[in-house]
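This report concerns only the one structure given below.
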Amino acid sequence: MPPLLYRSASGTAASMTPRPGKDTEGPKRGLSFFETIGRVPGRGAIKVLVVDAAKIGAPLGTEDHGDGHLSLVPHTTDGSIDDDALREWAQARGGAATHPLTQKVLDAVVQVLQKGEA
Amino acid sequence: MTTDLFYSPVRRTPFVRSRLEVDVPAEPRAVTDWSDVTGAVLETLEQLEKDVRARRPEVRAKCGTTRGGVIELFAYCSFELPGAEGAEPLVAGVTVQRHGPGRLSVSADLCGDESGHVYLEEGSSTLDSEDREGLVHVAEGLAARLARRADEVVAAIARSVGP
């Protein structure tokens, strides 16, 4: 697992929380990150939050898709993806309170960067 | 991210007070309460919210804050057109980022919530975290610059929805 993970986001709690449906289904489900800033998609100026993977900790872990794209997901004790916890996390998106897993990711932010020029 | 400080009970005697005054060197106080900066920024962004909604009453606005890691404070208002399929909320906000002990930067922008696409930038300032008044002043100033860009925010909302 790369030490630093990169994700385009504004910095709101919603922007660091998986989307119900889109991010809770399929083989690449979870909160998307990239292993280099260059792989973060988008043209022009992009705001990027950099997360230190070592600071995140259980139950969250990464699923590496082998193309520079990783997903952050809650794991069960046997190391498989905890889909119930992932769905519950996604359901909290846009709610009044920040979900504890979202706060865990925010607490691991080590830099706010901009990729490209405005 | 929380900070808990615990103090042992100290009897208020002149002896203790003089010991504290003489022996304890003044140390920089870590900033743990961001309510003054939050209040100043959100109060200022409220004007942006009003101006955007005056131009496009159907726009839904939501203001709030997040904190975590080096982000000491992100105070923002997000704007969204209800029913616009595939359009992401646009977020106008002020970020206070820590760069080390006693060193902070303050920046302001309007960007896509998910895409991070930056529509507007209002600059960035680096300053000493102990200069609390300066910090509030800079954050409020950047928020005020964002608040004057209602026309650009409305145009960006229209662009994010597409034709």
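Naming: A, B, ... by sequence-line order, numbering from 1 per chain.
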### Query
Going through the checks in order, is the side chain to side chain donor-acceptor pair (under 3.5 Å) test met by A:Glu63 and A:His75?
CA-CA 10 Å; A:Glu63 295 287 318; A:His75 282 141; 2.8 Å; yes

### Summary
One option among A:Gly42, A:Ala14, A:Ser15 has the most heavy-atom pairs under 4.5 Å with chain B, and it is A:Ser15

### Query
Are the side chain of A:Ser8 and the backbone N or O of B:Glu114 linked by a donor-acceptor pair below 3.5 Å?
yes

### Message
Does the Lys NZ or Arg CZ of A:Arg19 fall within the cation-pi geometry relative to A:Trp89 - under 6.0 Å from the ring centre and within 45° of the axis?
### Response
no

### Task
Taking atom CD of B:Glu58 as the centre, report whether more than 12 heavy atoms of other residues, nucleotides or ligands fall under 6.0 Å from it.
yes

### Query
chain B: which of A:Pro41, A:Ala9, A:Ser10 shares the most heavy-atom pairs with it under 4.5 Å?
A:Ser10

## Note on the structure
Per-residue tally against chain A (heavy atom, under 4.5 Å) across B:Asp109, B:Leu90, B:Thr65 peaks at B:Asp109

### Query
Between A:His99 (side chain) and A:Leu101 (backbone), is there a donor-acceptor pair under 3.5 Å?
yes

### Query
Can you find a side-chain donor-acceptor pair between B:Thr126 and B:His99 that sits under 3.5 Å?
no

### Message
With chain B as the partner, which of A:Lys55, A:Arg93, A:Met16 has the greatest number of non-hydrogen pairs under 4.5 Å?
### Response
A:Arg93

### Part of A:Arg43 lying under 4.5 Å from any heavy atom of chain B
backbone

### Task
Would you mind checking which part of B:Gln97 comes under 4.5 Å of any heavy atom in chain A, side chain (CB onward), backbone (N, CA, C, O), both or neither?
side chain

### Query
At a heavy-atom separation under 4.5 Å, does B:Ser107 approach chain A through its side chain, its backbone, both, or neither?
neither

